[in-house]
*Asks:* 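Let me begin by handing over the structure; questions about it come next.
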Amino acid sequence: MSETLIALFEGWGFTKVPEQISYLSDFGGIAFSIWETIYAPALATLFAYIIGLPLGIILVIGEPGGVRPLPKALMSVLNTVVNLLRSVPFLILMIVVFPLSRLILGTSVGTAATIVPLTVAAAPYVSRIVEISLREMDRGVVEAAQAMGCSPWQIVTKVMLPECRPSLINGATNAAITILGYGAMAGAIGGGGLGAVAVMRGHGRGQKIVMYVVVIILVILVQIIQSIGTAWSVKSDRRINPTETKRRK
């Protein structure tokens with residue numbers, strides 16, 4: 001079978017085919033790269049939401065006329081910090097955050113070390129996604145909750161977040177896919193996973209078969225994340241899912 005594949009790829013003009021087939025046949029090696037590609041972005045997404053979700057909520061409820069207005073100076077600082085972090089390209093931000101990775105994890109190289117810059121890059125992105133989702137909600141719903149005497153905490157946890165759940169899930173899906181892309185890019189400057197395989201083997205050694213396989217795997221991962229996110233969002237949307245409306249009642 002391998003000889004047939006080698007002859008087939010060589011007939012298409014590929015070089016170093018036996019070496020590439022041998023690498024791809026080592027399931028343990030490619031499987032570990034896939035695992036690295038999944039777990040680092042997954043943890044970064046979790047940490048990004050731990051930071052970005054509250055920040056996005058504050059950006060909405062803390063504005064003038066919001067549920068819990070905050071000082072204008074504080075809101076201005078928060079918005080400026082979010083905008084600044086979102087303005088820096090990820091690869092540059094990763095280099096800038098290397099000292100923080102070294103301080104927290106003791107190293108700035110490897111898959112684990114990419115979690116810190118991934119989180120720093122994703123947290124402001126997540127905060128804006130959350131902010132946009134919450135702003136889509138009908139203002140009358142919040143005003144009705146205020147008229148009933150609900151506290152700001154109750155309005156956020158019992159009204160805003162449940163009402164915006166489908167949009168928040170769609171935003172989380174987009175964030176996860178974006179962070180997965182960031183993680184793949186991190187392979188260019190010391191990160192692990194499929195990004196490193198594509199850069200070091202696919203580009204550095206001219207192993208284009210390996211590169212194409214990596215691209216296909218990444219596409220499949222994105223499709224899986226998108227499918228799960230879309231299904232979850234549809235299931236939680238009470239406008240199109242009557243059972244969800246009954247469950248909430």
Side-chain angles (χ1 to χ4, degrees), residues 32-63 70-134 168-169 171-204 214 217-218 221-222 225 229:
F32 183 70
S33 296
I34 295 173
W35 164 245
E36 288 184 315
T37 302
I38 294 174
Y39 93 81
L43 287 177
T45 302
L46 173 62
F47 295 144
Y49 263 87
I50 291 175
I51 299 170
L53 179 60
L55 181 56
I57 294 172
I58 290 173
L59 291 175
V60 175
I61 68 172
E63 64 183 359
L70 296 175
K72 290 184 178 180
L74 176 59
M75 295 299 296
S76 179
V77 169
L78 290 177
N79 276 289
T80 300
V81 171
V82 169
N83 290 336
L84 285 175
L85 290 176
R86 288 193 63 197
S87 301
V88 182
F90 172 69
L91 291 180
I92 297 175
L93 182 62
M94 185 174 179
I95 296 173
V96 172
V97 179
F98 272 165
L100 181 60
S101 299
R102 194 176 297 110
L103 177 64
I104 296 175
L105 300 174
T107 180
S108 59
V109 179
T111 304
T114 64
I115 296 175
V116 176
L118 282 173
T119 302
V120 173
Y125 176 69
V126 167
S127 69
R128 289 302 186 195
I129 287 180
V130 172
E131 179 187 4
I132 292 171
S133 296
L134 295 181
L168 289 171
I169 293 173
T173 302
N174 291 332
I177 292 173
T178 300
I179 296 171
L180 179 68
Y182 285 167
M185 285 190 290
I189 50 176
L194 293 174
V197 173
V199 171
M200 291 187 293
R201 284 186 170 272
H203 177 70
V214 166
I217 294 173
L218 288 172
L221 290 176
V222 169
I225 295 172

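Just the heavy atoms: all of them, side chains too, but no hydrogens, waters or symmetry mates, feed the values below.
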*Asks:* When rounded to the nearest 0.5 angstrom, what is the spacing between CG in Asn174 and CD1 in Ile179?
*Replies:* 11.0 Å
*Asks:* For the residue pair Leu74 and Leu70, what are the closest heavy atoms and their distance?
*Replies:* CD2-CD1, 4.2 Å
*Asks:* Nearest 0.5 Å please: distance from the CD1 atom of Ile129 over to the CG atom of Leu134.
*Replies:*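 So the gap between those two atoms works out to 12.0 Å.
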*Asks:* In Å and rounded to the nearest 0.5 Å, what is the CG to CE distance from Leu180 to Met185?
*Replies:* 10.0 Å
*Asks:* Rounded at 0.5 Å granularity, tell me how far CG in Leu85 sits from OG1 in Thr80.
*Replies:*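 The OG1 atom of Thr80 is 11.0 Å from CG of Leu85, to the nearest 0.5 Å.
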*Asks:* What donor-acceptor contacts under 3.5 angstrom involve side-chain atoms of residues 113-120, with partners at least two apart or in another chain?
*Replies:*
from   : atom 1 : to     : atom 2 : distance (Å)
Thr114 : OG1    : Thr111 : O      : 2.5
Thr119 : OG1    : Ile115 : O      : 2.7

*Asks:* Of all the heavy-atom pairs spanning Leu105 and Ala112, show the shortest one and how long it is.
*Replies:*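 It is CD1-O, 3.2 Å.
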*Asks:* Is there a side-chain contact between Val130 and Val60 (heavy atoms, below 4.5 Å)?
*Replies:*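 No, every pair of side-chain atoms sits at 4.5 Å or beyond.
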*Asks:* Distance-only check: which donor-acceptor pairs under 3.5 Å involve side-chain atoms of residues 40-56, not counting sequence neighbours?
*Replies:*
from  : atom 1 : to     : atom 2 : distance (Å)
Thr45 : OG1    : Pro41  : O      : 2.7
Tyr49 : OH     : Ala172 : N      : 3.2

*Asks:* Side chain of Ser127, backbone of Pro124: donor and acceptor closer than 3.5 Å?
*Replies:*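 Yes, the answer is positive, given that a donor and an acceptor are paired below the 3.5 Å cut-off.
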*Asks:* Using atom types as modelled, flag every donor-acceptor pair under 3.5 Å from a side chain in residues 87-95 to any protein atom, sequence neighbours excluded.
*Replies:*
from  : atom 1 : to    : atom 2 : distance (Å)
Ser87 : OG     : Asn83 : O      : 2.6

*Asks:* Could you measure the distance from the CG atom of Leu218 to the OG1 atom of Thr37? Nearest 0.5 Å is fine.
*Replies:* 6.5 Å
*Asks:* If the condition is side chain to side chain contact (heavy atoms under 4.5 Å, CB included), which residues does Ile34 pass it with, not counting sequence neighbours?
*Replies:* Ile38, Leu194, Ile217
*Asks:* Could you tell me which residues satisfy side chain to side chain contact (heavy atoms under 4.5 Å, CB included) with Val199, sequence neighbours excluded, listed by chain and number?
*Replies:*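 If we apply the side chain to side chain contact (heavy atoms under 4.5 Å, CB included) test to Val199, skipping adjacent residues, the hits are Ala188.
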*Asks:* Taking salt bridge (Lys or Arg N to Asp or Glu O under 4.0 Å) as the test, write out the residues that go with Glu131, two or more places apart.
*Replies:*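 Glu131 satisfies salt bridge (Lys or Arg N to Asp or Glu O under 4.0 Å) with Arg128, Arg135 once adjacent residues are dropped.
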